[in-house]
Amino acid sequence: MRVYKIDDYVLKYRIGHPFETEAVIRDGEEIEKNTMDYFKISQATKLRLIYKMNTDDIVLGLGENQRGINKRGGIYESYCTDDPNHTPDKKSLYGAHNFLIVDGAETFGVFIDYPGRVTFDVGFTHKDYLEIIVDDNNLDIYIINGNNLKEIVKSFLKLVGQCYVPPKWAFGYQQCRWSYEDAAEVENIADSFIKNDIPCDAIYLDIDYMEDFKDFTISHERFPNFKAFVEKMKKKGFRLIPIIDAGVKIEKGYDVYEEGVANDFFCVDQDGKPFVGAVWPGRVHFPDFLNPEARKWFGLKYKTLLDCGIEGFWNDMNEPAIFYTDRGLNKAIKKAKKSEDENLNIYSFFELKDTFIKISNNLEDYKSFYHKVKGELVNHDKVHNLYGYNMTRAAAEGFEEIKPNKRVLIFSRSSYIGMHRYSGIWTGDNHSWWDHILLNIKMMPSLNMCGFLYSGADTGGFNGDANAELVTRWTQFSIFTPLFRNHSAMGTRNQEPFAFDEESKEIMKRAIELRYAIIPYIYSEYMKAVINWEVYFAPLVFEYDDEMSRKTEDQLLVGDSIMISPIYQENVTGRYVWVPEDMLLWKVKKYSDREYEIVKKGHRYLNVEIEEIPVFIRKNKMLILGKHAKNVESIDNRQLDIIAFIEDKTSYIYYDDDGKTYDFKKGKYSEIAIEIEKADGEFKINIDNRGNEKVQRLNFEIIDVDGSITKKSVDIN
Ligand code: MIG
């Protein structure tokens, strides 16, 4: 074991000869040390790290996973998996996010930088033990110290690098479905948004826009003159976002296939031939995204679509998902044939049935192909969790070359820590289940701690049919997630806001309008989180250290100023809420209506009618909001409203930038620093405008802790 000091808070423990994942962007100096802090370590065929937890310890992090914000009691496996049944017993979803924080008697973070299978047994086998099991003895372990959760997260985020920033329009509402099949249907959806006067920024193209599911092709039959269509839709106010899948169809004459074969850009089998799996296009090869040249080649392929005016993509099936291989299929067929003449008993019947079920995403398949890294063959299983990461990195690096300094929307299904520098993620194929609103709520802060700020779930649920109430309540939560996209699967009931009754449509419309109105706040908080190495979504324990806040699983802090308590149950008109300090409650039906109520610290049952969205403004904080419009670029925010809840004083920094480039990295952004102070029973407002030329007037509504309201407007430009 070699130990490196990254900085005063972070140590790296290098064991054996790890594969370079490029998750971490910082180096350290080797120091004299031969024991690991916090963990007992044992090395046999597998490596085990053991930590004895205290009764009151909570364990946070682990990104995209099942169960609670507090991960205690569960067992989790990092092995990116295309499993569309997100039931609570599942150990792996699409991402591998090996960072967790123990908070309690001792507080520290640990990041296991290993791209193969890692198991986190967080008090599942034995309630008091955290055990981390790695299938290998070559890895880097980072231990992160800090005085509190926020400090630890900050150190971790600095270690893995700055989060991806999408174009500002990608903070608008987005509508997806598998699939809007042709140009006419896409246009019809767009027109429905216009007719119903519901804001929307983007409409998605799922796999059916392609010709035979071939990446970087467009079906001329379903989308004749694609470029002109993209242009036409943009004029109407909508961007089109096509999907790209990982597998490349094997087809003579198809350029991506031909070039990939000619240049050895595909993963190979044990005989050195391009590995064959089957996904949507039928038999495919998988680009070897761990090979920098292959990455570059694939990334530049996005140009075909960028040249048509496309400004955003989603990368799918990049765990990679494999429906079947000939090996797996033949094995199962043989077994079935053998069983034909047998009198199957119940055990052999289920075994046979399982054989077929296990054909997809099969471990033996993952073990049977290879990447070429620096001239050496690396078995896929060992680096499995890097595949989606590097597919998406390929895209992001391609964009940088094709459209320098232009933000392109990109998010991926599969991911590993470090991918957040290149892209966002969505949380994959959830269901139209009430439980999955709650799972979505819990996953957001966990993902944020792992660096993934631009994320969201399929609003309304992907698999299964949704009813109006579910989509309404889900929409009312998703208005706070940076990626706000409604998506549903083939064969399910349509779930656009206008797919239901008039009343539900109106309620969803008002929720979406609220989303657009708070984009000044959402964007400002998102960008400050990116720049200052912070989270956008936090559990209450990040700010409040009382016992209840440590245990609250279904309320979140969104940015610095507000707390939310979403409804995630059917047929209820309220819920219990823990209010950790006196707050100002704004139950929003329509954001232009301002009615507030001061809620005292404590437990309470909160009534929340179907048309209401409760927004809690924290004490000595302010919420900044503007107006809605048909899409982000049409919003007129020359005047902004500020709702402040103040005991003595508060300050807020309103961030803004061009929303289109990465110039903010060079310091090209504006801030309006607002200070409000109570002096002699009056509120004094101090404004320092650092370069914002868009905002002309700020309209203040200052609510004192005694409930009195002061209104004031200040011209600033
Ligand atoms: O096997 O492209 O998660 O969002 O609609 C299904 C079709 C493949 C899975 C994605 C989903 C997408 C669907 N894809």
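Both ligands and their constituent atoms are indexed starting at 1 by order of listing. Sequential numbering from 1 along the given sequence is applied to the chain's residues.
- Numbered from 1 in the order shown, with element, the atoms of ligand 1 that lie under 4.0 Å from a heavy atom of Met317 read 1 (O), 8 (C).
- Nearest to atom 11 (C) of ligand 1 by heavy-atom distance, out of Leu205, Asp429, Asn430, is Asp429.
- Contact record, Pro287 with Val248: CG-CG2, 3.8 Å, taken as the closest heavy-atom pair.
- With a heavy-atom cut-off of 4.0 Å, Arg413 touches ligand 1 through its side chain alone.
- Listed by number with element, the atoms of ligand 1 under 4.0 angstrom from any heavy atom of Trp426 are 3 (O), 4 (O), 10 (C).
- A cation-pi arrangement is present between Arg485 and Tyr204, with the terminal nitrogen or guanidinium carbon under 6.0 Å from the aromatic centre and inside a 45° cone about the axis.
- Residue-level proximity to ligand 1 for Ile243 is carried by the side chain, the only part with a heavy atom below 4.0 angstrom.
- By the 3.5 Å distance cut-off applied to N or O atoms, Trp314 is not counted among the residues near ligand 1.
- Between Phe452 and His97, the ring planes lie tilted relative to each other; the angle falls in the 30° to 60° range.
- Polar contact with ligand 1: present for His487 (N/O pair, distance under 3.5 Å).
- Annotation: Asp316 places an N or O atom under 3.5 Å from an N or O atom of ligand 1; distance criterion only.
- Residues Ser368 and Phe275 come closest through the heavy atom pair OG-CE1, 3.6 Å.
- Aromatic ring orientation, Trp433 versus His431: parallel (interplanar angle below 30°, classes split at 30° and 60°).
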